[in-house]
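All remarks here apply to the structure that follows.
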Amino acid sequence: MGSGASLIDNQPLAARIIEATKKGAGNLPVSVKTRIGVKQVVTENWVRFLLEQDLAALTVHGRTAAQLSLVPADWREIQKAVEVRNQMKSSTLIIGNGDVESRSQAELLVKECGVDGVMIGRGVLSNPWVFEKQSRDHTKQEKLQILLEHVRLYEDTWQGAKPFINLRKYFKIYAKGFRGAGELREELMKMTDIKQVEELIASE
Ligand SMILES: Cc1cc2nc3c(=O)[nH]c(=O)nc-3n(C[C@H](O)[C@H](O)[C@H](O)COP(=O)(O)O)c2cc1C
């Protein structure tokens, strides 16, 4: 209670958290990622307050907390954040976030809304190559190799501290868009360790 997006309605506490973070970070740049309101859209007032905290970057997700991900992100509000930043002559970078599914869409939004950058979340879960400059189709082997890399990185990172089955939800990102992908997905969902995944992929 009171954390995350709720801080939008509690500027004094948000200011204290940002100040403490900056103090702890020393010379490291500090950025904030935020939605545009809790229940009501309050972009202008909230962004102005955040920019007064002198941040290196501010990422704006164009939805209120109450909206969850149920409505399209409002990029006009993100553009408004850029306008506030420009009016204030602030040097904080503004990064837009919400519903971006391709690099070309991101580039268009940079042009249209004046953001300094774009953050992509779920887009990478449907296309792991979403950041590539020249988008192209990827072969089954490329998809399976990157699946393997994901599994290995997970194992290296967590070293058993997190269960292997947490990975299952990611298999569909890679095992799709080629003949036999559905069957392979079914097989992958039965896997209980990395060795089984390696063997399965080697047999494909
Ligand atoms: C699985 C998942 C986990 C997320 N975790 C966080 C988080 O820890 N902190 C955060 O600020 N946003 C988190 N988000 C929200 C995203 O960063 C992003 O703001 C939101 O998904 C909208 O962007 P998108 O349309 O590009 O996905 C998460 C989203 C997803 C789908």
Side-chain angles (χ1 to χ4, degrees), residues 1-11 13-15 17-18 20-22 24-25 28-43 46-47 49-51 53 55-82 85 92-133 135 146-147 150-151 153-154 157-158 161-176 189:
M1 282 287 279
S3 62
S6 305
L7 290 166
I8 298 171
D9 286 342
N10 189 350
Q11 291 187 1
L13 181 56
I17 292 171
I18 293 168
T21 306
K22 286 170 86 171
L28 292 175
V30 169
S31 66
V32 165
K33 173 167 175 281
T34 185
R35 288 184 180 244
I36 54 174
V38 179
K39 288 188 179 145
Q40 304 297 321
V41 174
V42 291
T43 312
W46 175 236
V47 165
F49 158 81
L50 287 173
L51 294 174
Q53 313 309 308
L55 303 164
L58 174 62
T59 301
V60 182
H61 172 193
R63 280 185 275 255
T64 62
Q67 286 171 333
L68 302 171
S69 290
L70 301 173
V71 300
D74 190 344
W75 278 79
R76 288 168 311 177
E77 292 301 317
I78 296 171
Q79 187 169 0
K80 201 184 274 177
V82 173
R85 188 274 309 272
T92 300
L93 299 173
I94 305 283
I95 298 165
N97 168 241
D99 300 338
V100 179
E101 287 179 352
S102 71
R103 186 178 177 118
S104 54
Q105 190 190 352
E107 284 167 356
L108 195 65
L109 287 163
V110 167
K111 270 200 201 130
E112 284 182 349
C113 302
V115 286
D116 302 293
V118 171
M119 181 181 281
I120 296 179
R122 290 165 303 167
V124 79
L125 300 178
S126 54
N127 174 15
W129 285 279
V130 70
F131 301 107
E132 74 186 348
K133 280 198 175 129
S135 81
I146 202 163
L147 184 158
H150 187 156
V151 173
L153 278 171
Y154 182 88
T157 304
W158 298 110
K162 290 200 178 192
F164 178 87
I165 54 164
N166 283 7
L167 277 171
R168 287 181 178 169
K169 61 176 176 281
Y170 299 113
F171 292 150
K172 63 178 180 295
I173 304 172
Y174 310 102
K176 71 170 183 195
M189 295 308 274

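One-based numbering, in listed order, for ligands and for the atoms of each.
Checked for salt-bridge contact, D74 and K80 miss the test: no charged N lies under 4.0 Å from a carboxylate O. A salt bridge links R122 with D99; the closest basic N to acidic carboxylate O contact falls under 4.0 Å.
Each of the following atoms of ligand 1 lies closer than 4.0 Å to a heavy atom of D99: 24 (P), 25 (O), 26 (O). Close contacts of ligand 1 with H61, meaning ligand atoms under 4.0 Å from a residue heavy atom, involve 19 (O), 20 (C), 22 (C). Listed by number with element, the atoms of ligand 1 under 4.0 angstrom from any heavy atom of R63 are 22 (C), 25 (O).
Contact annotation for atom 30 (C) of ligand 1: protein absent (non-hydrogen atoms, distance under 4.0 Å). Within a 4.0 Å radius of atom 12 (N) of ligand 1, the protein contributes at least one heavy atom. Protein heavy atoms are found inside the 4.0 Å sphere centred on atom 22 (C) of ligand 1. By the definition of a contact as any protein heavy atom under 4.0 Å away, atom 18 (C) of ligand 1 is in contact. Protein heavy atoms are absent from the 4.0 Å sphere centred on atom 1 (C) of ligand 1. Within 4.0 Å of atom 9 (N) of ligand 1, not a single protein heavy atom is present.
Between G121 and ligand 1, a contact under 3.5 Å exists for at least one N or O pair.
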*Might you work through the side chain to side chain contact (heavy atoms under 4.5 Å, CB included) test for I120 and V118, ending with a clear yes or no?*
CA-CA 6 Å; I120 296 179; V118 171; 4.2 Å; yes
_Steps toward side-chain hydrogen bond (donor to acceptor under 3.5 Å, both in side chains) verdict (T34, W46)_ = CA-CA 9 Å; T34 185; W46 175 236; 2.7 Å; yes
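In this pair, Y170 and H150 present their aromatic rings tilted. The plane angle is within the 30 to 60° band.
At least one heavy atom of G98 sits less than 4.0 Å from an atom of ligand 1.
By heavy-atom distance, the residue among R122, E101, K33 lying nearest atom 16 (C) of ligand 1 is K33.
Using modelled atom types, one side-chain atom of W75 and one backbone atom of G98 make a donor-acceptor pair closer than 3.5 Å. At least one donor-acceptor pair closer than 3.5 Å links the side chain of T92 to the backbone N or O of L55.
Counting heavy atoms from C-beta outward, E107 and S102 have side chains that stay 4.5 Å or more apart.
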